[in-house]
Amino acid sequence: MKLKDKVAIIFGGTSGIGEATAKAYANEGARVIVVGRDEEDGDRIVGEIKGNGGEALFAKADVTKAAEIKAVVDKTIEAFGHIDILYNGAGIHDSYKTAVEIEEDEYDKLMAVNLKGPYLATKAVLPHFVEQGSGTIVNVGSQATHVAGPGGSAYVTSKHALEGFTKQLAYDFGGEGIKSNLIAPGFIKTPMTEGIEDERLKDIPAKRAGKPEEVAALAVFLASEDSNYMNGSTVTMDGGWVVGR
Ligand code: NAD
């Protein structure tokens, strides 16, 4: 029970890695707010967590909308009294479009979800962390945080920038008991990566896709006290993919 009595908000919690993380946090004793846009998925995940003896709530929000994020934070405080963990996992892909191919509106949308979303969520939660003198932020980068190629122009840019944001949070708030770290997953089998497995696996030393549950185990470590001396770090989980590039 590494997260006993902790309260965690999981943005991007209704599918893939975020869903696995919500369940893993609950298994470790956290009370979780599963945030997403799909109520049906949210209710299903909350039901599964409760069925396993955990505590969870669903909150509907689009991460690009500050007012909806604020409502999630208010709902969390109302239900559970405080917040200990912020997991920023919502993300979209750009289908490998180059800077010429991607249109401005798609570029703006991707940046709004992948980069501005974590900023808006962090801005809404940080005052609570500062007041209580503790808190943990787990951001979700990518292999595209390290290298070009796992996405296109906008995706790779957003995931590199998220690493900078994570470092700056560590720099600005590390002295206040708040840690911020980034997970850089490689190729993980989720709805985002459907249909590209064969092409990807040949470059990955592990010769298999990662499982959302494996990334979730890392997210537990980064949310727990076991990682209290880590701040501003990027932790890669990619089956060795990046070392071969
Ligand atoms: P996924 O598509 O299952 O998860 C992405 C989640 O973000 C979904 O639940 C989606 O509903 C949510 N989301 C998208 N736009 C949103 C918005 N405007 N408001 C609220 N939520 C929104 O795919 P995943 O693979 O689990 O991705 C999770 C994270 O992991 C993403 O940030 C992704 O970039 C990152 N990632 C995934 C892989 C991979 O191989 N699957 C690799 C590296 C990084």
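Indexing begins at 1, ligand by ligand and atom by atom, following the structure's order. Residue indices begin at 1 and follow the sequence shown.
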With side chains defined as the heavy atoms from C-beta onward, is the minimum distance between [X] and [Y] less than 4.5 Å?
| X | Y | answer |
| --- | --- | --- |
| Glu48 | Lys23 | yes |
| Phe187 | Ile204 | yes |
| Lys2 | Asp226 | yes |
| Tyr119 | Phe165 | yes |
| Leu162 | Leu115 | yes |

Taking atom [atom1] of [X] as the centre, report whether more than 12 heavy atoms of other residues, nucleotides or ligands fall under 6.0 Å from it.
| X | atom1 | answer |
| --- | --- | --- |
| Lys116 | NZ | no |
| Lys4 | NZ | no |
| Glu101 | CD | yes |

With atoms numbered from 1 as shown, which atoms in ligand 1 lie under 4.0 angstrom from a non-hydrogen atom of [X]?
| X | value |
| --- | --- |
| Gly16 | 3 (O), 26 (O) |
| Thr14 | 9 (O) |
| Ser142 | 43 (C), 44 (C) |
| Phe187 | 40 (O) |
| Ala90 | 7 (O), 13 (N), 21 (N), 22 (C), 32 (O) |
| Thr193 | 39 (C), 40 (O), 41 (N) |

Does one hydrophobic cluster hold both Ile85 and Val140, with members joined at side-chain heavy-atom distances below 4.5 Å? yes
If Ile, Leu, Val, Met, Phe, Trp and Tyr residues are connected whenever their side-chain heavy atoms lie under 4.5 Å apart, and connections chain through other members, are Val32 and Val72 in the same group?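 Each belongs to a different hydrophobic cluster.
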For [X], is at least one N or O under 3.5 Å away from an N or O on ligand 1?
| X | answer |
| --- | --- |
| Gly91 | yes |
| Gly89 | yes |
| Pro185 | no |
| Thr64 | no |

After noting the C-alpha distance and the side-chain angles of Asn114 and Ser158, does the key distance pass the side-chain hydrogen bond (donor to acceptor under 3.5 Å, both in side chains) rule? CA-CA 6 Å; Asn114 290 12; Ser158 73; 3.2 Å; yes
Shortest protein contact, [atom] (heavy atom only):
| atom | result |
| --- | --- |
| atom 4 (O) of ligand 1 | Ser15 OG, 3.5 Å |
| atom 26 (O) of ligand 1 | Ile17 N, 2.8 Å |
| atom 24 (P) of ligand 1 | Thr190 OG1, 3.4 Å |
| atom 30 (O) of ligand 1 | Val140 CG1, 3.4 Å |
| atom 18 (N) of ligand 1 | Asp62 OD1, 3.0 Å |
| atom 44 (C) of ligand 1 | Gly141 O, 3.1 Å |

With heavy atoms under 4.0 Å as the rule, classify the contact between [X] and ligand 1 as side chain, backbone, both or neither.
| X | value |
| --- | --- |
| Lys159 | side chain |
| Tyr155 | side chain |
| Arg37 | side chain |
| Ile188 | both |
| Ala144 | neither |

Does Lys159 pair with Glu163 as a salt bridge, N-O distance under 4.0 Å?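 Looking at Lys159 and Glu163, the cut-off is not met.
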From the candidates [options], the one that places a heavy atom nearest [atom]:
| atom | options | answer |
| --- | --- | --- |
| atom 20 (C) of ligand 1 | Ile92, Val63, Ile10 | Val63 |
| atom 38 (C) of ligand 1 | Ala209, Gly186, Gly36 | Gly186 |
| atom 27 (O) of ligand 1 | Met192, Lys116, Glu19, Arg200 | Met192 |

Which label fits Tyr155 and His93: parallel for a plane angle under 30°, tilted from 30 to 60°, or perpendicular past 60°? tilted
Under a heavy-atom criterion of less than 4.0 Å, does Pro212 contact ligand 1? no
With Ser180 as reference, evaluate Thr136, Thr166, Leu126 under the side chain to side chain contact (heavy atoms under 4.5 Å, CB included) test and give the passing residue.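 It is Thr166, the one option of Thr136, Thr166, Leu126 that forms the side chain to side chain contact (heavy atoms under 4.5 Å, CB included) with Ser180.
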So, does Asn52 use its side chain to make a donor-acceptor pair with the main chain of Gly54 at under 3.5 Å?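 Not confirmed, Asn52 side chain does not pair with Gly54 backbone.
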